[in-house]
Protein chains: 2
Amino acid sequence: MDQMTPCFNYHDCENCPIRERGVCARCDDRELVPLNEIKYYRSYEAGQTMVWSGDAMDFVGSVVTGIATLTQTLGDGRRQMVGLLLPSDFVGHPGRACAAYDVTATTDIVMCCVRKKPFEDMMLQTPHLLQRLLEITLDELDASREWMLLLGRKTAREKIASLISIIARRDASAHAAGSGGVTIALPLSREAMADYLGLTLETVSRQISALKHDQVIVIERKRRITIPDMDRLLEEAGDDTDGGMPVREGDPKLVPRSSARQ
Amino acid sequence: MDQMTPCFNYHDCENCPIRERGVCARCDDRELVPLNEIKYYRSYEAGQTMVWSGDAMDFVGSVVTGIATLTQTLGDGRRQMVGLLLPSDFVGHPGRACAAYDVTATTDIVMCCVRKKPFEDMMLQTPHLLQRLLEITLDELDASREWMLLLGRKTAREKIASLISIIARRDASAHAAGSGGVTIALPLSREAMADYLGLTLETVSRQISALKHDQVIVIERKRRITIPDMDRLLEEAGDDTDGGMPVREGDPKLVPRSSARQ
DNA sequence: GGCTCACTTTGATCTGTGTCAAGGCCTGTT
DNA sequence: AACAGGCCTTGACACAGATCAAAGTGAGCC
């Protein structure tokens, strides 16, 4: 339902930037041939909504370059981002006719698409495709469950620290800064971060300021930060596998109760 | 690491209560033969932890009867339930050695298990198994994303109403009560509900009392409630696809901002 | 029947984060 | 240089839900 402006030509999959990680990663050269024939590229501009939740969705696709988000919306407009799509991530639900989320381009983006029916047919004949899609989906599921822990139980400060550390971990372009630190570009506006973290934009801004004040992060430009001490940041994120003394089992009285978010 | 007390005998899969919905649902009789040979049953008592997060997990399995939960824990003890396992649900991550979550039996439970290695091998040779597992995983992913919306953006009252309506929808044993209402058994303690919803036990209790006071639900016994008017409950849950007037696009000023949970 | 123990409810108070509102800071335009 | 329009930050205040505390309920046991 949008434009279709292929902005560059990967005519063959050989040189595709996501060859190693996409749904096609396990396919051998022979299997790539039919895929090559039915795929097509689609590009969208930053800010554009690629798919509306509830609309018919007749294709599936992979992000080749750029970043997109999956969001869900409540009747009254409250929004929650439920996924962040980076290059090689897959969009679409084989076997389902309608989109379950809004998909929005955060940056200019290029997708490698296949119409749903041919994709489903091909999947039935190509175990390598099926296997890889299962792997990807299982990883997504783990990631979204980790996010549930963040949304349900972390404080605003921990949420921000977690988001930054996740971006730092996934951002291939993150490169070491001067004194052993790491510099990253935030691909999201404060509002998008708020939608991701289940916070308001103001709280996001305040917590970023607080982390800056406490020198956990250094603000280069609004969308560019450096992390002088990654361990410190991970500590702030709260999910270091064990805060210090190794507890578990033992006297249940020592185990604090859940919650603590408010 | 626990007991292995098969408490009943489904020696063949034919009569298995989850034959229609489990990972094996798409397998034909021929494919069932090798599965039949490598599967084994395992049962656990209510309250027992079946798997500890981080421990080696050398099997995968499906819930045959009973209910279990997946939970994640932060270093300081804050807990978040990330999945509720009902009969036919699948546990385990092929291709991963360690469990990512604690798995705990909520009721007495029987699992149909297969050691991981044989399962993986068989999956490579049995597309029907692979296909069904992909379906199950995609559905899980959708469910967990819906839950992210709940955790990030719903109020306590909406969370409780959502949980009750989800249980009502999934509970096969839910049967019509007298005047068109539905009666269900809550399979969870208040504390478990709190862990699921990202709330405290006290807030759960208060909101249940409030819904009772407002006659959205009727409390039979503490763990048994009836829903006189399902539509009313769904309205309280907040995610009716559209609160009334069909908005979207149009004047952006009319779209309220996100958040509203506080 | 009375006791225990686990679970649940209810009350009083506190606090983290939402809400409302005002400015500040870039980047592009004329 | 001045202006406009997006973000982003900061402040003051409100309130939903957390926390601390105590009492109620009900099933199992002697």
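Small disclaimer: the values here were computed from a predicted structure and weren't measured. Below, chain A is the first sequence line, B the second, and so on; all start at residue 1.
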message = According to salt bridge (Lys or Arg N to Asp or Glu O under 4.0 Å), who are the partners of B:Asp139, at least two apart in sequence or on a separate chain?
response =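 In terms of salt bridge (Lys or Arg N to Asp or Glu O under 4.0 Å), with neighbours along the sequence ignored, B:Asp139 is linked to A:Arg96.
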key: With sequence neighbours excluded, residues passing salt bridge (Lys or Arg N to Asp or Glu O under 4.0 Å) with A:Arg157   =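 Per chain and number, A:Arg157 pairs via salt bridge (Lys or Arg N to Asp or Glu O under 4.0 Å) with A:Asp214, A:Glu236.
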Can you check the [X] [atom1] to [N] [atom2] distance for me, whole Å?
X	N	atom1	atom2	value
A:Arg78	D:dA16	CZ	C1'	13 Å
B:Leu197	D:dA18	CG	C1'	15 Å
A:Asp195	D:dC7	CG	P	13 Å
A:Glu220	C:dC26	CD	C1'	17 Å
A:Arg157	C:dT15	CZ	P	18 Å
A:His213	D:dG11	NE2	P	12 Å
B:Arg153	C:dT17	CZ	P	13 Å
A:Leu151	C:dT17	CG	P	13 Å

Polar atom pairs (N or O), protein with nucleotides 7-11 of chain C, under 3.5 Å:
residue	atom	partner	partner atom	Å
C:dT8	OP1	B:Arg223	NE	3.0
C:dT8	OP2	B:Arg190	N	3.0
C:dT9	OP1	B:Arg190	NH2	3.0
C:dT9	OP2	B:Arg190	NE	2.6
C:dT9	OP2	B:Ser205	OG	2.7
C:dT9	O5'	B:Ser205	OG	3.1
C:dT10	OP2	B:Ser209	OG	2.7
C:dG11	N7	B:Arg206	NH1	2.9
C:dG11	O6	B:Arg206	NH2	3.2

ask   = Among pairs that include at least one residue of residues 216-237 of chain B, which meet ring-ring contact (aromatic ring centres under 6.0 Å, His included), considering only residues two or more places apart or in two chains?
value =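 As it turns out, there is no ring-ring contact (aromatic ring centres under 6.0 Å, His included) pair with a partner in residues 216-237 of chain B once direct neighbours are skipped.
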message = Give me each pair satisfying ring-ring contact (aromatic ring centres under 6.0 Å, His included) with a member in residues 193-219 of chain A, each pair once, sequence neighbours excluded.
response =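 Counting only pairs at least two positions apart or across chains, the ring-ring contact (aromatic ring centres under 6.0 Å, His included) contacts touching residues 193-219 of chain A are A:Trp147-A:Tyr196.
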inquiry  = A:Ser189: which residues meet the side-chain contact (heavy atoms from CB on, under 4.5 Å) condition with it, sequence neighbours left out?
reply    =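 Checked A:Ser189 against side-chain contact (heavy atoms from CB on, under 4.5 Å); matches are A:Glu191, A:Ala192, A:Arg223.
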ask   = For D:dG17, does OP1 or OP2 lie under 4.0 Å from any side-chain N or O of B:Thr200?
value =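 Answer is no, no contact under 4.0 Å.
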query = Would you say B:Thr155 and A:Arg78 make side-chain contact, with heavy atoms under 4.5 Å?
reply =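 In short, these two side chains touch, coming nearer than 4.5 Å.
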ask   = Out of C:dG18, D:dG17, C:dT17, which has the shortest distance to the side chain of B:Thr155?
value =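 Nearest nucleotide to the side chain: D:dG17.
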